[in-house]
Every structure is written in C-alpha cells, then in structure tokens.
Amino acid sequence: MSEMGIVFAVLGMACAVFLPGIGSAIGVGIAGQAAAGVVTEDPSKFGKALVLQLLPATQGIYGFLIAVLTMLQIGILGGSATMSLATGLAYFGACMPIALAGLLSAIHQAKVSVASLNMFAKRADQFGKAIVFPVMVETYAILALLISMLSIFAIPNMGI
C-alpha cells in the first residue's frame, strides 16, 4: 500500500469542499448585492429575494456532502486508512465533477439569480418564473453531485 493513495483521496475531498465553497461564496455575494438593492426598494420582498440569493450556496453543500461520503467510504474517520495509489486517484477523480462543476455553476447561477432578482423587482407577481432560471443552472450541479456520488460508491467494486 502506498501513502500516496490516501494523499490523493484527501486532496480530492479538499477540492470537493474548497472549490464549490469558493464558487458559492462568490455566488452568494454577487446575488446578495442585487438582493439588497431589491429589498432597499421594497422590504416586503426580503423572503423571496433571499431565496434567489441563496441558490448559489447549494454547490458548497454538495461539495461538503461528497467529501463526507468519501471520508465514510474510505474509513478515514475511523483511524488509519491506507489504499493503493490507483484507488486514491480514483477517489480524487470521483470528487472532481462536483469540485469543478460546483465552482463554476455557483458563479453562473449567481449571475442568473441577479437577472431574476431584477425581474422580480419589476414584476413581483412573476417570482415563480424568476426562480426557474437559476434553478436550471442548478441542474448541472446536481448532475455533478450524482456522478461524484455514484463514482465514490463504485470504487470499492472496481478491484483496484
């Protein structure tokens, strides 16, 4: 067994948390600026504006979930985990879909949320339509979450 296997697995977990976390922080900040403008004009729109602001935060949650699932799968929480380099690289690769898609989709979802907030500011009765646009970007973060999750669970059956 190589020590490098566990190093790559932990690096994958770190990327799964770190990159979508950065994207979510940037995204929530971008959307929050627009939400603050909407609420300044009409404080009664706070709740719905908050929903549109928080949508980019989900990618950070997805990355955290993948890191926890990976930790549980490799037994790192229970003590000394060892694995081959190939297995560590497989876990690293399994974490990459949510790491990269989470980073980028959170930022782009924020931009769409800003447009939706502008729509909602002018036409409050169109909130349902306004939320659909950023949710469409969310679809790709969910797909990345699913492929990372399925990959993590498949690795023990790969025979590496």
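All residue numbers refer to positions in the sequence shown, counting from 1.
- Taking CD1 of Ile98 as the reference point, atom CG of Leu103 lies at 10.5 Å (rounded to 0.5 Å).
- A donor-acceptor distance shorter than 3.5 angstrom exists from the side chain of Gln53 to the backbone of Val28, with no hydrogens or angles considered.
- A donor-acceptor contact shorter than 3.5 Å is absent between the side chain of Lys48 and the backbone of Phe127.
- Looking only at atom types and distance, the side chain of Thr87 has a donor-acceptor partner in the side chain of Ser84 under 3.5 Å away.
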For a side-chain contact (heavy atoms from CB on, under 4.5 Å) check, start with the C-alpha distance between Met149 and Leu65, then their side-chain angles and the critical distance, and finish with the verdict. CA-CA 9 Å; Met149 191 178 300; Leu65 175 64; 4.0 Å; yes
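- For the pair Val38 and Phe46, the minimum side-chain heavy-atom distance is 4.5 Å or more.
- In this structure, CG in Asp42 is found 7.5 Å from CZ in Phe120, a value given to the nearest 0.5 Å.
- Atom CG of Leu143 sits about 11.0 Å away from atom OG of Ser148, to the nearest 0.5 Å.
- Within the 3.5 Å criterion, the main-chain N or O of Pro56 finds a donor-acceptor partner in the side chain of Ser24.
- Looking only at side-chain heavy atoms (C-beta outward), Lys129 and Arg123 stay at 4.5 Å or farther from each other.
- Counting only heavy atoms from C-beta outward, the side chains of Ile160 and Leu89 never approach each other to under 4.5 Å.
- Summarising the local packing, CZ of Phe153 is surrounded by more than 12 heavy atoms from other residues, nucleotides or ligands at distances under 6.0 Å.
- Under the 4.5 Å side-chain heavy-atom criterion for Ile, Leu, Val, Met, Phe, Trp and Tyr, Ile22 and Val17 are members of distinct hydrophobic clusters.
- Here the side chains of Tyr91 and Gln73 are in contact, with some heavy-atom distance below 4.5 Å.
- Side chains of Leu52 and Pro134 form a contact here, defined as non-hydrogen atoms less than 4.5 Å apart.
- No side-chain donor-acceptor contact under 3.5 Å links Ser151 to the backbone of Ala94.
- In the hydrophobic clustering, where aliphatic and aromatic side chains (Ile, Leu, Val, Met, Phe, Trp, Tyr) are joined below 4.5 Å either directly or transitively, Val137 groups with Val112, Met119, Phe133.
- Closest of all the heavy-atom pairs between Leu117 and Ala35 is CD1-N, 3.7 Å.
- Gln109 and Tyr140 share no side-chain donor-acceptor pair at under 3.5 Å.
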Would Thr58 and Glu138 count as a side-chain hydrogen bond (donor to acceptor under 3.5 Å, both in side chains) here? Give the steps. CA-CA 8 Å; Thr58 58; Glu138 184 81 15; 2.6 Å; yes
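- Between the side chain of Thr139 and the backbone N or O of Met136 there is at least one donor-acceptor pair closer than 3.5 Å.
- Heavy atoms only, all atoms of each residue included: Leu69 and Ile152 are closest at O-CG2, 4.3 Å.
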